[in-house]
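Remember, it's 1-based here, ligands and their atoms both numbered in the order they're listed. These values consider heavy atoms only, across backbone and side chains, with no hydrogens, waters or symmetry-generated copies. Throughout, residue positions are numbered sequentially from 1 according to the sequence presented. Bear in mind that the values here come from a model prediction, so they are computed numbers and not experimental data.
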Amino acid sequence: MKNNIVDLLSEKISFISKEDLAQLIEIPPKPEMGDFAFPCFRLAKELHKAPPMIAKEIADSITVPDYIDHIEVLGAYINFFMKKDSFLKSMVDKISEDDFGSSTEGNGKTICIDYSSPNVAKNFHVGHLRTTVIGNSLYKIYEKLGYKVERINHLGDWGTQFGKLIVAYKNWGSEEAVKEKGIEELMRIYVLFHEEADKDPSLEDEARAWFNKMENGDEEALSIWKWFLDISLEEFKRVYALLGVEFDHYTGESFYRDKTDAVVKDLKDAGLLTDSEGAKIVDLSEYDMAPCLILKNDGSTIYATRDLAAIKYRKETYNFYKALYVTGQEQKLHFKQVFKVVELLGHEWAKDSLIHIPYGLVSLGGEKLSTRGGNVIYAEDILKEAIAKIRETIDVKNPNLANKDDVARIIGVGAVIFNDLYNQRIKDVSFNWSHILNPEGETGPYVQYTYARCSSILRNAADYSFTTDVNYDLISDQSSVDLIKELSRFPKVISSAAESYEPHFIARYAISVAQTFNKFYHDNKVLVDDVETRNARLLLVSLTRKVIRDSMSLLGIGCVEEM
Ligand code: ARG
């Protein structure tokens, strides 16, 4: 329909390309302003006339085609009122397409997403939960737009902390305790190490020596490290299974340990390395940044060195169009430095294709959560609690429901994910159970409830079979039209989310679809006796169900038929 208007306008306005005309066409905020509006401000310069005058002249010159009901001029705008039926049908046909919302814009392009990336031997906390669900949603969004996505888990599995852990394990740990308690025990002895090292600094030297052994391939050191890694991965994978999140590559920091020499060499050859108190750095003062540390004074590599090696590896291996990094905003400077260093190495692409995607803090009851010290919060515990709470509600409200455990998991986990994705990334997220699980709030359960309602209506219309050949006059009331228009926004919403790396556009949209549907449902009885009316309304129920399911899926959230 919009393309028809573009063609129509293009006959009158030859000096603007069809693409630009399409960009200029607006969807008016109010129905009395028509279905499409064309503002004439841009034409004033070229035509040397006032925009309202131009609007009038163009409108008068158009022979109204049969798909348009009438054309009105309002100020500088030409407003198009489409013939209701053909307009509605064209939207509905589009929404009905199997690949509605998909596109081919990403074909032939690869995007690397580095997300989740928890630290081995530390708990998977709520901050990691956020990077995991944001990264997973971005993966779904880009895949929908035709990109090839490489999902990368850059585990924090290398560094001096493992030397400390080995010392702690040898002094105060036991195989049984680690086997029984896993990460919790590793965290306990890690904290103990710091307490003891305060009293006896020689422990630090011992730890450094052990990490050195690791870097030099010492068998004993590596086998203890590998054991800690496996134990941690087992716990992390339990969280991923709950969330339904998968990765293409578990290439953690340790993966790059034989790839950092090449980076150091590149930096040296480019004349970028300078000495600073025995350490090697890249000076970034010209760019108002602290120097990027590359080698410590004992020659060991650090987080940034391994990130530089990872970028080189990913560019060579995947030839990415973009590489995204989803981490907390406290790592902003780190990525700015690393990206700048890549650029200084002569890689122009660093400017546009390396992108840090920061997000805000997660707090529980207003408290900042920390990984070490007293209040250790495990993401897994939060997810399990959400599931248990939903399970209790089901037992009270719908005790005969089939697959209660599956439903509780999908709704409970979905509620936590939805809460993480509902606001702009950079905003802090707070956990408040009564809000997150409220089926009447702007929440996951509200959207899922609406989905289940659509499913239930369709179940009760056993004889219904889907068709878009309905009498559109019967769904031309305001709330039906609003619903159709809302559903047709889906592709645009996906693009906005992709362009700004913001899954919250999708989450907000899912709420808005659910609300618009519930208004429609309130105003219109669906299962009426009149078959024509019933089929027309069932069409909208079935399209709503589809768009909700697809939106939730882009957030990494499932839907259930009954709850
Ligand atoms: N392991 C880090 C953390 O938990 C996140 C790693 C992010 N990715 C990267 N390539 N630096 O904070």
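For Gln331, the heavy-atom gap to ligand 1 drops under 4.0 angstrom. Assignment of His128 to the shell around ligand 1 is supported, since a heavy atom sits closer than 4.0 Å.
Proximity to Asn119 (heavy-atom distance under 4.0 Å) selects the following atoms of ligand 1: 1 (N), 2 (C), 3 (C), 4 (O). Atom numbering of ligand 1 starts at 1 in the shown order; those under 4.0 Å from a heavy atom of Thr327 are 7 (C).
At least one N or O atom of Asp307 sits closer than 3.5 Å to an N or O atom of ligand 1. No N or O atom of His334 sits closer than 3.5 Å to an N or O atom of ligand 1.
For Phe335, every heavy-atom contact with ligand 1 shorter than 4.0 Å involves the side chain, none the backbone.
Of the candidates Tyr303, Tyr325, Tyr115, the one placing a heavy atom closest to atom 5 (C) of ligand 1 is Tyr303.
Sorted by first and then second residue, the side chain to side chain donor-acceptor pair (under 3.5 Å) pairs involving residues 488-498 (not counting sequence neighbours) are Glu486-Arg489.
In the model, Tyr501 has a side-chain atom that pairs as donor or acceptor with a side-chain atom of Lys322 under 3.5 Å.
Cation-pi check for Lys259 over Tyr313 is met; the charged atom lies under 6.0 angstrom from the ring centroid and within 45 degrees of its normal.
Closest to atom 8 (N) of ligand 1 among all protein heavy atoms lies Asp114 OD1, 3.0 Å.
Checked options Glu175, Glu220, Glu206; the residue passing with Lys170 is Glu220 (criterion: salt bridge (Lys or Arg N to Asp or Glu O under 4.0 Å)). The one candidate from Asp307, Asp114, Asp248 that meets the salt bridge (Lys or Arg N to Asp or Glu O under 4.0 Å) condition with Arg314 is Asp114.
The aromatic rings of His194 and Tyr190 sit perpendicular, their planes meeting at an angle over 60°, well past the 30° parallel limit.
Interatomic distance, NZ of Lys315 versus CG of Leu354, reported as 8.0 Å (0.5 Å rounding).
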